[in-house]
Amino acid sequence: MLQRWSTKKSRLPLVGLLFMLALVVTFMVLYNQCSIHHTNREQDLLETSTLTSSVHPNLPPRNNLEVLDRFSQCNSTNEYSGKKIGWFDHDTSGQGSADFVAAAAPKEEDNICDVFSGKWVFDNSSSYPLHKGSDCPYMCDQLACEKYGRPDLEYQHWRWQPHPPCNLKRWNATEMWEMLRGKRMMFVGDSLNRNQWVSMVCLLQSIIPRDKQSMSTNAHITIFKAEDYNATVEFLWAPFLVESNSDDPVYRKLDERIIRPDSVLKHASKWQHADILIFNTYLWWRRRPVKIQWSSKEKGSCEEVNGAEGMEMAMNAWAHWIFNNIDPNTKRVFFVTMSPTHIRSGDWNPGSEGNCYGEKKPIEEESYWGSGSDIPTMRMVERVLRRLGPKVSVLNITQLSEYRKDGHSSVYRKFWEPLSDESLKNPASYADCNHWCLPGVPDVWNQLLFHFL
Ligand SMILES: *[C@@H]1O[C@H](CO)[C@@H](O)[C@H](O)[C@H]1NC(C)=O
Ligand SMILES: *[C@@H]1O[C@H](CO)[C@@H](O)[C@H](O)[C@H]1NC(C)=O
Ligand SMILES: *[C@@H]1O[C@H](CO)[C@@H](O)[C@H](O)[C@H]1NC(C)=O
Ligand SMILES: *[C@@H]1O[C@H](CO)[C@@H](O)[C@H](O)[C@H]1NC(C)=O
Ligand SMILES: *[C@@H]1O[C@H](CO)[C@@H](O)[C@H](O)[C@H]1NC(C)=O
């Protein structure tokens, strides 16, 4: 690759040099991510093609088996044709839907306790935080706030307390491992989901002897394994849930986002064997419009939709798969609602112009909701999940995480690109108000997962 660039360099020395620099930087960015994977395209193709015919006869035929990858492009982009992912279409009447509504009625215990509603309580007892970041060999530098010099450590000591009389089940790693015995648990989604996965691995690894644990990668999946429990805790990078050109966990800095909303199969072939699945998707849809390339259309022919429309299509495609493939008696599926960002301090401190940088305390105002959590998206997710009834449990982390403006990585993380002097003078300009410090907020998301398992 570098060789190819060097021929360009001789023609346009400066541009070439900058290009190479960018390339090296990009490479470093990617190389330093929490996980590095090698991809095996042929394997992907194989898995996709067999599944297309056996598991999903009702999806449209694909006129080519090529998967989207980082080289995929749109050579023509039209307006959205209005085509929908009708995952109910195969139901002959409203009959089927009526069943879902009945099945979706909340269980009695849910009526008694809403553990997602409550407040943060400062708790500096010895049991908090639930793990020590520095003891965890799998911690990632994007999340290691203490290591990167965060001076205030109170953010590690907040405990989530549901409103009385409800309580969250006490975290117990041994008990969690017992539930995982002989099972595969897989997190599927974007870097926020990986944030939660790293938290889970760190919460769990401490009680496993070093020589009985391992971390490995297999195509797009990163796998933590505990030998004695014959159990794994895995992460699959799939930021849009459906097939996209950003599915390579290493090369994903692309200008154009292309998705294939009628194809969840590329990823489903990897997640279908897991026993416990935890999905998320949100932030990647917020950035800009996305292009759609339908499986049945000619290669390179795209349509454009806004992020919200794209996300709804992807959620429907995903729901279609869940509906057809999940038996809640043998598999558990969780969906994690949007992880809020705190990029506008005006939301909680009217008139101010900062972001999460420098925030040291949670928001106390009950039901606080900032601009980082899109309400229409929440409603859409709710609609889709309701139709899936007991097949999916919701981890509704949005409200409780909204309070935690103090919990983000901010400037206390590794930054892959060098920071200019100008940036350094204004730390808020490069603060990361998306990801969360560990130990921290995602530990509670996992505590909730533990609570519902
Ligand atoms: C816990 O917090 C209280 C109040 O902030 C403080 O007085 C006390 O010293 C802290 N204890 C420990 C062990 O940090
Ligand atoms: C954790 O769970 C295990 C197994 O159920 C139990 O033996 C142990 O006492 C629990 N630990 C705590 C601190 O509750
Ligand atoms: C380990 O777990 C897998 C499922 O993840 C199962 O197929 C296999 O039989 C288990 N092995 C043992 C030795 O229990
Ligand atoms: C679009 O690109 C594909 C290959 O990427 C090519 O086969 C096709 O002919 C192109 N169509 C147009 C209209 O340029
Ligand atoms: C999550 O909780 C919020 C309130 O905090 C609620 O508005 C929303 O409907 C819930 N989402 C789902 C999917 O249940």
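Heads up: numbering here begins at 1 and tracks the sequence. Here the structure is a predicted model, which means the values were calculated and not measured. One-based numbering, in listed order, for ligands and for the atoms of each.
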query = Numbering the atoms of ligand 5 from 1, which are under 4.0 Å from a heavy atom of Gln399?
reply =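 Those of ligand 5 that fall under 4.0 Å from Gln399 are 5 (O).
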
inquiry  = At less than 4.0 angstrom from any non-hydrogen atom of Asn396, what atoms of ligand 5 do you find?
reply    =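 Selected atoms, number and element: 1 (C), 2 (O), 3 (C), 8 (C), 10 (C), 11 (N), 12 (C), 14 (O).
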
Can [X] and [Y] be counted as having a side-chain donor-acceptor contact under 3.5 angstrom?
X	Y	value
Ser339	Trp436	yes
Ser199	Asp443	yes
Ser206	His131	no

query = Is Asn172 in polar range of ligand 2, meaning some N or O pair under 3.5 Å apart?
reply =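 N/O-N/O distance under 3.5 Å: yes.
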
inquiry  = Donor-acceptor pair, distance only, cut-off 3.5 Å: does the side chain of Trp237 make one with the backbone of Ser246?
reply    =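 Checked: pair present.
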
Please tabulate protein-ligand N/O pairs under 3.5 Å for ligand 3, atom names and distances to 0.1 Å.
from	atom 1	to	atom 2	distance (Å)
ligand 3	2 (O)	Asn230	OD1	3.4
ligand 3	2 (O)	Asn230	ND2	2.4
ligand 3	5 (O)	Gly182	O	3.4
ligand 3	11 (N)	Asn230	ND2	2.7
ligand 3	14 (O)	Asn230	ND2	3.2

Aromatic Tyr155 / basic Arg150 pairing, under 6.0 angstrom, 45° off normal =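 Ring-cation test returns yes.
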
message = Minimum heavy-atom separation for Thr398 and Ser373, please, with both atom names.
response =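 It is CG2-OG, 3.4 Å.
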
query = Looking at residues at least two apart in the chain, or sitting in another chain, which of them share a side chain to side chain contact (heavy atoms under 4.5 Å, CB included) with Glu304?
reply =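 Counting only residues at least two positions away or on another chain, Glu304 forms a side chain to side chain contact (heavy atoms under 4.5 Å, CB included) with Thr77, Pro289, Lys291.
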
request  = Describe, in one word, how the ring planes of Trp160 and Tyr403 are oriented to each other, choosing from parallel (under 30°), tilted (30 to 60°) and perpendicular (over 60°).
outcome  =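 Correct class here is parallel.
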
key: Contact check: Arg379 vs ligand 5, nitrogen or oxygen atoms, below 3.5 angstrom   =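 Yes, since at least one N or O of Arg379 sits under 3.5 Å from an N or O of ligand 5.
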
ask   = Does Trp369 reach ligand 5 with a nitrogen or oxygen that is under 3.5 Å from one of the ligand's nitrogen or oxygen atoms?
value =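 Not met; the criterion fails.
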
